[in-house]
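In what follows, every heavy atom counts, from backbone to side chain, and hydrogens, waters and symmetry copies are set aside.
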Amino acid sequence: MIASPLSAGQIEILASHLTISETYFWREPQVFQALEEKVLPELIRTRRNGERRLRIWSAGCATGEEPYSIAIALRRVLPAREGWQVSILATDVNPRILGRAQAGVHSPWSFRNAPAWLKRDYFFPTAGGKFELRPEIRDMVSFAYLNLAEDVYPSVLNSTSAMDIIFCRNVLMYFLPKSARQVIQGFYHCLVEGGWLMVGACELSHQTFDRFRPIQVPGAIIYRKQGGGAWRPAALPPAEPALPEALPAPAWESVAPTPPPAPALAGPPVSAPAAWDQAPPLPGPLVEAESEPAGQDASDASALAIRALANQGRLSEALALCEQAVAADKLDSTLHYLRAAILQELNLAGEAIASLRRALYLEPNLLIAHFALGNLMLRQGDAQAARRCFNNVLGLLSACPQEEVLPEAEGLTVGRFREILQATIQAGGLA
Ligand SMILES: C[S@@+](CC[C@H](N)C(=O)[O-])C[C@H]1O[C@@H](n2cnc3c(N)ncnc32)[C@H](O)[C@@H]1O
């Protein structure tokens, strides 16, 4: 069992050796049925006329079968993704299996429960008797190291904010109940209003998920962030042509009786350091912020407002506010860093890189910007540049005491950051 009091290092060693990274494609098919027939179509319909953005997180992704199944489902429901910003984040505490996940090559055993079309339509057989995922599906998923027991989420630092759907299946069973509740509390804050949480059948407990509305779907229960409202077939607009053929409407319904909104869970939120969605009420447009004390205070107030907007998934507004703030104070490296974080969320990697370089030009010691740049380079396939950035981070970290809290890193200490960096280097094949 994993409990929070263990150190990060101990948890990782335990996770690597004790937890079973057992996983396979289309695990619990009824959950993927719900994803394809209810959750994704509904999300797509509501987003079609606004910000065309979909954000999904597979937390505890093991060797990648779950996030790749999600990518395949998304591809089936939304074959033409032009104009959409789609992000599927897949995280795990075990850097070794992350490397395998990234490769997208799977043995026949991974398909033991999958429908025949999945392997046939989305994989190529390899000479060694394995199956390689089509690159267009593989590239839909970004893998990253994240320890659910210790890391901060939601955070734009690790792209865990403003999620529409979180899958965390067959992971929480490794946690003590108290830690599991903290993780779920973190997921609650990561989700947008009305967002979905998918957990494994063995982990269902209305008590543990009491801030979520349980929704009965054929053969499974999925959870929805309270306030989003239960699904009502009559209230939905007619299906739009780009969606797949309407499937017979199953009896999706809110599980009765729906638990009343629960008071906040006991204990501090898992994302204790100034969770962005708990920021004070947003100031109005920057014009108002400018009437605040001039200089650094105004920049700080803007940064807080920008973070709060970003964390609620209001990325265009966050970017607009950030652009104004940068225009008002071009020399503030933090604002350039924030701009980069938002651009990255918007899948505008090139602009994000330029913004990070500007931040580093202004503040060469902004460690978090070196780290973000390294991650972006890694995703772009530039291992050499990524290594340079991570070496810069290591150099800067070596000058700091272990317990020091890093600026702009949402409460992360130097020691913890070093562990995350090392896991990232290992998962990225740079070790
Ligand atoms: C049984 S696998 C589940 C894989 C997939 N979600 C599924 O249902 O098929 C459990 C995964 O959880 C990961 N895990 C365990 N503790 C974790 C933690 N503290 N943070 C992140 N991942 C963790 C393990 O490394 C393992 O890959």
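Under the 6.0 Å distance and 45° angle rule, Lys225 does not count as a cation-pi partner of Phe212.
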side-chain contact (heavy atoms from CB on, under 4.5 Å) for Leu74 and Leu35? Distances and angles first, verdict last. CA-CA 9 Å; Leu74 187 56; Leu35 182 70; over 6 Å; no

Could you walk me through whether Leu89 and Val141 pass the side-chain contact (heavy atoms from CB on, under 4.5 Å) check? CA-CA 6 Å; Leu89 172 70; Val141 180; over 6 Å; no

Trace of the side-chain contact (heavy atoms from CB on, under 4.5 Å) decision for Gln33 with Val217: CA-CA 9 Å; Gln33 185 191 356; Val217 296; over 6 Å; no

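Of the possible polar contacts, one joining the Asp164 side chain to the Arg55 backbone as a donor-acceptor pair under 3.5 Å is found. With hydrogens and angles disregarded, no donor-acceptor distance shorter than 3.5 Å links the side chain of Arg47 to the backbone of Leu43. Panel note: side chain Ser302, backbone Ala325; no donor-acceptor pair is recorded below 3.5 Å.
The minimum heavy-atom distance linking Tyr68 with Ile137 is given by the pair O-CG2, 4.2 Å. Minimum heavy-atom separation, Leu397 to Val414: CD2-CG1, 3.7 Å. Between Thr91 and Leu146, the closest heavy-atom pair is CB-CB, 3.6 Å. Summarising the geometry of Cys190 relative to Ile166, their closest heavy-atom pair is CB-CD1, 3.9 Å, with the distance given to 0.1 Å.
Using a 4.0 Å cut-off between charged nitrogen and carboxylate oxygen, Arg75 and Glu36 do not count as a salt-bridge pair. A salt bridge links Arg169 with Glu66: at least one charged nitrogen is closer than 4.0 Å to a carboxylate oxygen. In this structure, Asp121 does not pair ionically with Arg134, as no charged nitrogen and carboxylate oxygen lie closer than 4.0 Å. The pair Lys38-Glu42 meets the salt-bridge criterion, since a charged nitrogen lies less than 4.0 angstrom from a carboxylate oxygen.
Side-chain contact between Phe32 and Ile70 is present, with at least one heavy-atom pair separated by less than 4.5 Å. The closest side-chain heavy-atom distance from Leu331 to Asp329 is below 4.5 Å.
The only option from Phe124, Phe131, Phe25 that meets the ring-ring contact (aromatic ring centres under 6.0 Å, His included) definition with His106 turns out to be Phe25.
Ring-plane geometry between Tyr223 and Phe209 is classed as parallel, the angle between the planes falling under 30 degrees on a 0 to 90 degree scale with a further cut at 60. The aromatic rings of Trp26 and Trp117 stand perpendicular to each other, their planes meeting at an angle above 60°, with 30° marking the opposite boundary.
Between Trp196 and Phe167, the ring centre distance reaches or exceeds 6.0 Å.
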Could you tabulate the donor-acceptor pairs under 3.5 Å formed by side-chain atoms of residues 354-369, not counting sequence neighbours?
unit_1 : atom_1 : unit_2 : atom_2 : d
Ser355 : OG     : His336 : O      : 3.4
Ser355 : OG     : Arg339 : NH1    : 2.9
Glu363 : OE2    : Asn365 : N      : 3.0

